[in-house]
Peer 1: 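First the structure, which I've put down as structure tokens, then a few questions once you've had a look.
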Amino acid sequence: MVIEEEGRTFEKLYNKYLFGSYNAYSHEEDEILVEVQPEFVEIWDTDDNNKAFQIFVDFKSEECLYKKYDK
């Protein structure tokens, strides 16, 4: 259960930022906590001029690349 996590770090933040969900679900026996460690993230967004761009974050190589999509 979420409330049985060692150190209870997730529980404290879950309670603080998503109290409604925390209150409704965190004490359920089938509520589980899954840790995910991303290796690569690709983000699509637009700037103030509505021009698209991508951000690539490679956690393994600790590199980040910004690439304009629209010319």
Side-chain angles (χ1 to χ4, degrees):
M1 288 194 308
V2 170
I3 61 172
E4 295 174 352
E5 174 210 4
E6 186 177 328
R8 301 177 88 156
T9 303
F10 180 83
E11 177 194 2
K12 292 171 189 170
L13 294 172
Y14 190 26
N15 186 9
K16 180 178 179 180
Y17 293 105
L18 294 166
F19 178 76
S21 293
Y22 169 81
N23 196 38
Y25 304 114
S26 64
H27 297 83
E28 296 289 327
E29 286 188 30
D30 59 352
E31 182 74 9
I32 63 171
L33 180 61
V34 177
E35 180 178 357
V36 177
Q37 294 182 351
E39 295 180 5
F40 185 83
V41 174
E42 180 178 343
I43 302 167
W44 288 77
D45 206 347
T46 55
D47 62 19
D48 292 338
N49 296 317
N50 205 33
K51 298 289 186 182
F53 64 88
Q54 297 167 277
I55 298 174
F56 302 96
V57 182
D58 187 331
F59 291 95
K60 282 186 168 183
S61 66
E62 297 183 355
E63 294 179 341
C64 183
L65 173 68
Y66 168 89
K67 181 179 176 184
K68 292 181 182 181
Y69 188 76
D70 289 332
K71 304 257 183 217

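Reckoned from all heavy atoms, side chains included, excluding hydrogens, waters and symmetry mates.
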Peer 1: State yes or no: do Phe19 and Tyr14 share one hydrophobic cluster built from I, L, V, M, F, W and Y residues joined by side-chain heavy-atom distances below 4.5 Å, directly or via other members?
Peer 2: yes

Peer 1: Indicate if Ile43 and Tyr66 have the same hydrophobic cluster label, given that clusters are the connected sets of ILVMFWY residues with side-chain heavy-atom separations under 4.5 angstrom.
Peer 2: yes

Peer 1: Where is the tightest heavy-atom contact between Asp47 and Asn49, given as atom of each residue plus distance?
Peer 2: OD1-N, 2.9 Å

Peer 1: Answer with yes or no whether the hydrophobic clustering places Phe10 together with Leu18; edges join I, L, V, M, F, W, Y residues whose side-chain heavy atoms lie under 4.5 Å apart.
Peer 2: yes

Peer 1: Kindly check if the number of other-residue, nucleotide or ligand heavy atoms within 6.0 Å of CZ (Phe40) is above 12?
Peer 2: yes

Peer 1: Not counting sequence neighbours, which residues clear side chain to side chain contact (heavy atoms under 4.5 Å, CB included) with Lys67? List them please.
Peer 2: Gln54, Phe56

Peer 1: Are Glu11 and Tyr22 side-chain neighbours, meaning at least one heavy-atom pair lies under 4.5 Å?
Peer 2: yes

Peer 1: Quick one: closest heavy-atom pair of Thr46 and Ala52, and the distance?
Peer 2: CG2-CA, 4.0 Å

Peer 1: Do Val41 and Phe59 make a side-chain contact, defined as non-hydrogen atoms from C-beta onward lying under 4.5 Å apart?
Peer 2: yes

